[in-house]
Novice: 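Sharing a structure below in structure tokens format, with a few things to ask.
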Amino acid sequence: MPELPEVETVVRGLAPRLAGCVIRQASFSSHLVVREDFRAMAARLAGRRIESVERRGKFIVLRLDRGALSIHLGMTGKLLLDGVRGEHTRAEFTLDGGVLVYDDARQFGRIEYGEPEPKRLAGLGPDALHSGREEFFDTLRRHAGRIKPLLLNQGVIAGLGNIYVDEALFAARVHPKARVSRLSERRLQALHEAVTSVLRRAIAAGGSSISDYVDAEGRRGSFQNEHCVYGRAGEPCQVCGGAIRRIELGQRGTHYCPRCQKV
DNA sequence: TCAAATGTTTGATC
DNA sequence: GGATCAAACATTTG
């Protein structure tokens, strides 16, 4: 459910409400979401002040007066301000200014603590939204292989997921199976511009709500209405009128226009 | 009953 | 050290 625009939307909703709050109490109920000892984790968080709420790739990062907490929403995670405890609630943070509820049906999400920050954040590539043209080129050119799996690799570029990779490749007219090494400077530049503009437009729309994504206030996004290829197999391409095709690539459903996107 | 789902990790193989 | 592919994680939905 959550890629960069969805996580950004959640962070923008949380930041003004959480900054300056103190965590009074934390409780957990899933060893899949929280891999370490619940009591040790709760003890470390109790009494900590939240200095800021930031996004790194698809991670929500709460900077605390000591250390930092990272929250990854996986596929079905929701972080709800003053949310109500439900069947799939896996964590609850009682703050001096409200309650933060972490809900996650599939439990692919992760909550981790680290000092000064969780170690896995160090493995992320440059942020897809803030990566400049030069950095984008240099990073991609260091790798071989097909462009789509590469863009999905968080260690290469952080933040893109299945929806936005398909949408950006369509906007740049690049075939998902294209080899990075075969892409011209011009194609790469188009791709960089496409990534940036698709992400910006998606953030402006509050993200994409395909099935369950909602922001910190429980509101759905609307960018799914602007998808050109994702989830539109069989529908006519908005540019050429040909049918959008769905294939499997790197174990992910992949949507593209065979006429507009050549290898 | 089967397929697919906004994600990531791990292990085998080349 | 990589790329590539399959499987696994757990649950819901059509």
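Note that this is a predicted model, so its numbers are computed, not measured. Each chain gets a letter, A, B and so on, in the order the sequences are listed, and its residues count up from 1. Just so you know, these numbers use all the heavy atoms, side chains as well, and skip hydrogens, waters and symmetry mates.
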Novice: Ignoring hydrogens and geometry, is there a side-chain-to-backbone donor-acceptor pair from A:Glu92 to A:Arg85 under 3.5 Å?
Specialist: no
Novice: Pick the closest DNA chain C nucleotide for A:Leu249 and for A:Glu87 by heavy atoms, then say which residue is nearer the 5' end.
Specialist: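 Comparing both residues, the 5'-ward one is A:Leu249.
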Novice: So which of residues 107-123 of chain A are in contact with DNA chain C, with a heavy-atom cut-off of under 4.0 Å?
Specialist: A:Gln107, A:Phe108
Novice: Students should find this one: the first and last nucleotides of DNA chain C, 5' to 3', lying under 4.0 Å from a heavy atom of chain A. What are they?
Specialist: C:dA3 to C:dT12
Novice: How would you list all residue pairs meeting ring-ring contact (aromatic ring centres under 6.0 Å, His included) that involve residues 43-63 of chain A, not counting sequence neighbours?
Specialist: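 Qualifying pairs, neighbours excluded: A:Phe59-A:His72.
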Novice: Polar atoms only, N or O, under 3.5 Å: list the protein pairs with nucleotides 11-14 of chain B and their distances.
Specialist:
none

Novice: For A:Glu115, what residues pass the salt bridge (Lys or Arg N to Asp or Glu O under 4.0 Å) criterion, not counting sequence neighbours?
Specialist: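 Here the qualifying residues are A:Arg66.
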Novice: For DNA chain C, what residues of residues 137-145 of chain A have any heavy atom nearer than 4.0 Å?
Specialist: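 Residues of residues 137-145 of chain A under 4.0 Å from DNA chain C: A:His143, A:Ala144, A:Gly145.
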Novice: Using OP1 and OP2 only, check whether a side-chain N or O of A:His72 sits under 4.0 Å from B:dT8.
Specialist: yes
Novice: Sequence neighbours excluded, which residues qualify as salt bridge (Lys or Arg N to Asp or Glu O under 4.0 Å) partners of A:Glu54?
Specialist: A:Arg63
Novice: Does any pair with a residue in residues 182-197 of chain A pass side-chain hydrogen bond (donor to acceptor under 3.5 Å, both in side chains), and if so which ones, sequence neighbours excluded?
Specialist: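 Found none.
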Novice: Does A:Gln251 or A:Tyr164 map to a spot on DNA chain B nearer the 5' end, using the closest nucleotide for each?
Specialist: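 Its nearest nucleotide lies further toward 5', so the answer is A:Tyr164.
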Novice: Please determine whether side chain to side chain donor-acceptor pair (under 3.5 Å) holds for the pair A:Tyr213 and A:Glu3, giving the CA-CA distance in whole Å, both sets of side-chain angles, and the decisive distance to 0.1 Å.
Specialist: CA-CA 10 Å; A:Tyr213 165 72; A:Glu3 302 182 32; over 6 Å; no
Novice: Does anything in residues 225-263 of chain A form a ring-ring contact (aromatic ring centres under 6.0 Å, His included)? List the pairs, not counting sequence neighbours.
Specialist: A:His175-A:Tyr256, A:Phe223-A:His227, A:His227-A:Tyr230, A:Tyr230-A:His255
Novice: In what stems does DNA chain C take part, counting only runs of at least 3 consecutive Watson-Crick or G-U pairs whose two distances fall under 3.5 Å?
Specialist: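 If one scans DNA chain C for consecutive Watson-Crick or G-U pairs, the stems found are B:2-5 with C:11-14, B:7-14 with C:2-9.
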Novice: Going by the rule ring pair (Phe, Tyr, Trp, His ring centres under 6.0 Å), which residues pair with A:His31 if we only count those two or more places apart in sequence or in a different chain?
Specialist: A:Phe38
Novice: Between the protein and nucleotides 3-5 of chain B, are there any N/O to N/O pairs under 3.5 Å, and if so, what are the atom names and distances?
Specialist:
residue	atom	partner	partner atom	Å
B:dA5	OP1	A:Arg246	NE	3.4
B:dA5	OP1	A:Arg246	NH2	3.0
B:dA5	OP2	A:Arg246	NH2	2.9
B:dA5	O3'	A:Tyr230	OH	3.3
B:dA5	N3	A:Arg106	NH1	3.2

